[in-house]
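To find a chain, count down the sequence lines: A is the first, B the second, and so on, and within it residues start at 1.
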2 protein chains.
Amino acid sequence: MLHWLKHYRRALLPGDLSAGIVVAMMMIPQGMAYAIVAGLPPVAGLYASILPPMVYALFGSSMTQSVGPMAIVSLMTGAALAPLAAAGSGLYGVLAAQLAVVSGVVLLLCGLLRMGFLANFFSRPVMSGFTVGSALTISHDQLRNLLGAPLPDAHLPSALLGLGSLVALVLARRYGAGLLRRCGMPATAADIGAKLAPMLVVLAGIALMSFGGLAEQGVHSTGTVPGGLPGLNLAISSPHWRTLLQPGLLIGFIIFLMSMSAAQSLALKRNQKLNSNQELFGLGAANLASALSGGFPVTGSLSRSAVNFAAGANTPLASIITSCLLAGALLAPTGWLALLPLPTLAATIIVAVLGMLELDILRTAWQYDRSDALAWGATCAGVLLLGVEAGVIVGVALSMGTLIWRASRPHIAVLGRIAGSEHFRNVERYPAQTQPQLLVLRIDANLFFGNVEAVQQRIEDELACHPSARHLVLVMSAVNSIDTTALYALRELNLSLKRREIGLHLAEVKGPVMDRLRESDLLAQLHGKLYLSTARAWDDLHGICAHQEVAI
Amino acid sequence: MLHWLKHYRRALLPGDLSAGIVVAMMMIPQGMAYAIVAGLPPVAGLYASILPPMVYALFGSSMTQSVGPMAIVSLMTGAALAPLAAAGSGLYGVLAAQLAVVSGVVLLLCGLLRMGFLANFFSRPVMSGFTVGSALTISHDQLRNLLGAPLPDAHLPSALLGLGSLVALVLARRYGAGLLRRCGMPATAADIGAKLAPMLVVLAGIALMSFGGLAEQGVHSTGTVPGGLPGLNLAISSPHWRTLLQPGLLIGFIIFLMSMSAAQSLALKRNQKLNSNQELFGLGAANLASALSGGFPVTGSLSRSAVNFAAGANTPLASIITSCLLAGALLAPTGWLALLPLPTLAATIIVAVLGMLELDILRTAWQYDRSDALAWGATCAGVLLLGVEAGVIVGVALSMGTLIWRASRPHIAVLGRIAGSEHFRNVERYPAQTQPQLLVLRIDANLFFGNVEAVQQRIEDELACHPSARHLVLVMSAVNSIDTTALYALRELNLSLKRREIGLHLAEVKGPVMDRLRESDLLAQLHGKLYLSTARAWDDLHGICAHQEVAI
């Protein structure tokens, strides 16, 4: 925490300063736009961009993450609050803050419980399907603002302004950087400059509203943006806490996944290390700060963080500079922002979220692993058809299903002895000797509830294939843990084999596993022996078998 | 399907017949009791015991499973329906049937999608914690019926009858079998005879009501049980389908887990094989049949199936005989059942569910694996404090968390060469040679989204420990699959190593994995080579390193 501040060098300042300024210019239209997506007054988006990034700078783990409003989290916020209060009402704002509290507390708790491993929860195809579905949902929702009215009744001046803004933004996105480069700008500066197109288009929109008489034509604008910094307070009296629990949990989960994937892709570029537990903590604190200062749920945004990174951000100081500039903008007269035309803002939202439509993962998955492509499709369809919250649940169910399915197929090999050596190998892959009375199985997985059934089944199948086996040797060299469920299964296996007069022997049990097994009664009841090596088991049981055969 | 019927031998009949009769005598009080737990009129429990077991006999996978009402599933049904309709009302009955439809469809779909692997979802400690929490909840709920009124205002005659029944049942449970054995009964018959105590206590209760004047004292009875078979119909017009979706999903899940654990413990005793997908199918069909015939969600019951098994059931014919006997009971005059005193029925419920309080798993887990004991406690507390539905969700969350946590810790070994051989071994466990320019890592897990992050992290950590490494060899001998997420991670690793001028080489890639990788662009872009064996990589890269050193 604040490690970066202790080691701050002056040489880092120019990068942080330029990144801070660039991101502030990006944040003004984006913050207002995403507040609208969440169903809140635009100023809430600016509030959510001041205190939360500062708090994240204190507690977070990424050097270049830009924390603030983000399209998908705003969509989820709007979806969660729409049934509870009228958009724009006082209650709606209170509930948005409370949702940030719930998400923040969830994130903090997960951080305290060191549950950062949850970042591995979604596969990339599921995450991409979710992102694409959300982006399409947001675009569709914003069509109404872009055209000034629902589709068939489009308001002509609004539609012209909206579509004009859209075209300008798309052109700037595609050709802006090239144009600036041809005007002599260095490549990096040109790339960053092109990212400021939304701010320019917004300024042009405001100018058209002021001087082009668009307001008189009936084009809606964002309306008065109150000046001054947000007051610090937290309305905690509400009958809706319980209702907010489930969406808050899901939003907290998505906040973490989105932020981690943004931070990781940037950290990778500089070989920096992330601490997922600290990230949980930083995001939790940022959300509580957002709730305290009139905001709503916030997270790290990939697009904004990438600009921050590209513009030279070296440390979280860049984010602090951005926050200060935004605070300055709110302290200065804010009358000009009131004239921001909604169609233009809708155009910036649509262009921003359509930038998330990366279909590369779908294409790769389709070629490489059809089931991953199906997971992509199911998650995307879940968001589009059932809503964004159901989309998360579909993603969770798919990931869960995949995890159990994978866990339930452990690798188990029948071993044989390589002639003239002490080595044992998979008989399917090596020419190895076997004995009819002896079945040697190596279990290549930790034994736990997820695979115990499959292991039992496989053992029974192999015993059925080796009807003359009198001894089963389990080679435990790859087993690093055995949980309580697996302990019960081993006990049952032991009893069942005993009933059939088949010995159960364990070989190459690792030290820590053996220490645990000694705490149980399995070893005392074992209808067989423990062997340090498979070779010793082979020699010993070979003798027993031969002896028994002679006896018969 | 119906495999057992094709191969039916006459010798199997006596066992099936005796089991069918015994289970029918057990089913009458149990069916009525569990209907009351679900908030339904007692006759619904009898209806749910006629058609569903017959349908299960056609489609199910277990030879000895007794499908019908079951305590925990009834508790969940009651919990799901209580907020939607008044217990005992017509709407309540319709909703109970619809809940069975939802659960049945969920089970059938899971069967069609071959999702039987979900049976491995809960660990035994979680399952046991859930069962104990549910049993305590049911007992607590039934106290009111046992005493005729809530605790402080107990109705004396009811309480005396209830507590008397309870004592009789507990004594029968503890000493019944021994007593019968001492009277000269064979051991098995005595054990089974003792299980019929509830029926005897119920008959005694009815006699007391009829001739002891208890009804006049204000002891409540079950009321008229309508005679005749249930009509077949399905009321599908209801505004509650959507509301029933979540509880139906959870109930379907628990139906499957309960039934599988019952069937497995019995199949194990006779070395029979279960097909979990067929079990899903059988349970789904049984629930649809229940909905069609005036019942509510049903499942396989461990206690009843164990009696069925012990009484000699060889095939599902035993269940069909039970069904026919119950149908016969409904076709005969049913006036006598109307006088069944509720306190006695409550006593049978309490004794039945307290039989589920097996604390052995908690004890074992506490000694063997504290975290499993904690999972037990959390699930049990979840059911007791938050309700049975939340208890399932707590169990799911715990299992999910454990799965991800386990998946996110793959085993990775740094390999060295055993001097004078072609063998490579973990340098931590064997005295093996290493080279400073060469880092050889063996990944002992399939690569997928759940562990890709951990693998990346470990590789970076090892590279940091081996700063002079110019070549990284990944030994893929234990990798059986690489999903899309892992493919992306390998691509990123390749780019990142290329930037640092470190070669990335793959050795011992298995055939099927290689076939898949050829579908991607990873191999074309690989900043390194593919090797058939680790030894060849070692020799080849050793040469390159030496050469480079000379060149420098």
Side-chain angles (χ1 to χ4, degrees), chain A residues 115 117-126 264-265 268-269 271 273 276 361 364-365 367-369 371-373 396 399-409 411 423 444-446 448-454 456-457 460 478 480-485 487-488 492 496 500 516-517 519-520, chain B residues 115 117-126 264 268-269 271 273 276 361 364-365 367-369 371-373 396 399-409 411 423 444-446 448-454 456-457 460 478 480-485 487-488 492 496 500 516-517 519-521:
Chain A
M115 284 164 70
F117 63 84
L118 288 178
N120 304 318
F121 197 82
F122 272 9
S123 67
R124 283 206 200 194
V126 165
Q264 266 161 2
S265 71
L268 210 67
K269 290 191 183 163
N271 298 326
K273 212 169 155 172
S276 56
I361 291 182
T364 305
Q367 280 170 11
Y368 179 76
D369 186 340
S371 68
D372 269 337
V396 167
S399 302
M400 244 162 57
T402 315
L403 274 167
I404 307 162
W405 189 79
R406 286 183 176 278
S408 67
R409 347 194 94 214
H411 188 252
H423 294 297
D444 289 343
N446 296 337
F448 78 115
F449 66 89
N451 61 17
V452 121
E453 201 55 44
Q456 278 177 317
Q457 198 55 64
E460 289 302 331
N480 293 300
S481 68
I482 296 177
D483 81 347
T484 307
T485 309
L487 178 71
Y488 270 84
E492 283 162 4
S496 156
R500 286 178 271 173
R516 295 299 282 285
L517 286 182
E519 305 276 309
S520 79
Chain B
M115 284 163 71
F117 62 84
L118 288 178
N120 304 318
F121 198 83
F122 272 8
S123 67
R124 283 207 200 196
V126 164
Q264 268 161 0
L268 211 67
K269 290 193 184 162
N271 298 325
K273 211 168 156 173
S276 56
I361 291 184
T364 305
Q367 279 170 12
Y368 179 75
D369 187 340
S371 67
D372 270 336
V396 168
S399 303
M400 245 161 56
T402 315
L403 273 168
I404 307 163
W405 188 80
R406 284 183 178 277
S408 67
R409 350 193 92 215
H411 187 251
H423 294 297
D444 288 342
N446 296 337
F448 78 114
F449 66 88
N451 61 18
V452 119
E453 201 55 44
Q456 279 176 319
Q457 198 55 63
E460 289 302 331
N480 292 301
S481 69
I482 297 177
D483 81 347
T484 308
T485 309
L487 178 72
Y488 271 84
E492 284 163 6
S496 156
R500 287 179 270 173
R516 297 298 283 284
L517 287 182
E519 305 276 310
S520 78
D521 57 358

Original post:
For B:D444, is it the side chain, the backbone, both or neither that has a heavy atom under 4.5 Å from a heavy atom of chain A?
Top reply: neither
Original post:
For the residue pair B:L118 and A:I404, what are the closest heavy atoms and their distance?
Top reply: CD2-CD1, 3.7 Å
**OP:** Would you check if A:Y368 and B:L517 make a side-chain contact, meaning some heavy-atom pair closer than 4.5 Å?
**Re:** yes
**OP:** Heavy atoms only, distances under 4.5 angstrom: which of B:R516, B:H423, B:Q457, B:Q456 has the most pairs with chain A? Name it, please.
**Re:** B:R516
Subject >> Side chain, backbone, both or neither of B:S371 within contact of chain A (heavy atoms, under 4.5 Å) >> reply: neither
Original post:
Quick one: of B:R409, B:M400, B:E460, who has the most non-hydrogen atom pairs under 4.5 Å with chain A?
Top reply: B:M400
Subject >> Side chain, backbone, both or neither of B:S276 within contact of chain A (heavy atoms, under 4.5 Å) >> reply: neither
Original post:
Among A:G450, A:S520, A:S496, which has the most heavy-atom pairs under 4.5 Å with chain B?
Top reply: A:G450
**OP:** Answer yes or no: is there a side-chain heavy-atom contact under 4.5 Å between B:F449 and A:V126?
**Re:** no
Subject >> Spacing of B:Y488 atom OH and A:S123 atom OG [to the nearest 0.5 Å] >> reply: 11.5 Å
**OP:** Hey, could you give me the CZ/CH2 distance between B:F117 and A:W405, rounded to the nearest 0.5 Å?
**Re:** 8.0 Å
Original post:
Between A:Q367, A:E519, A:H411, A:E492, which has the largest tally of heavy atom pairs under 4.5 Å with chain B?
Top reply: A:E492
Original post:
Out of curiosity, B:I361 CD1 to A:T484 OG1, how far, rounded to the nearest 0.5 Å?
Top reply: 9.0 Å
Original post:
If you count heavy-atom pairs under 4.5 Å with chain A, which of B:I482, B:N451, B:V396 comes out on top?
Top reply: B:I482
**OP:** Please state whether the side chain, the backbone, both or neither of B:F122 comes within less than 4.5 Å of a heavy atom of chain A.
**Re:** backbone
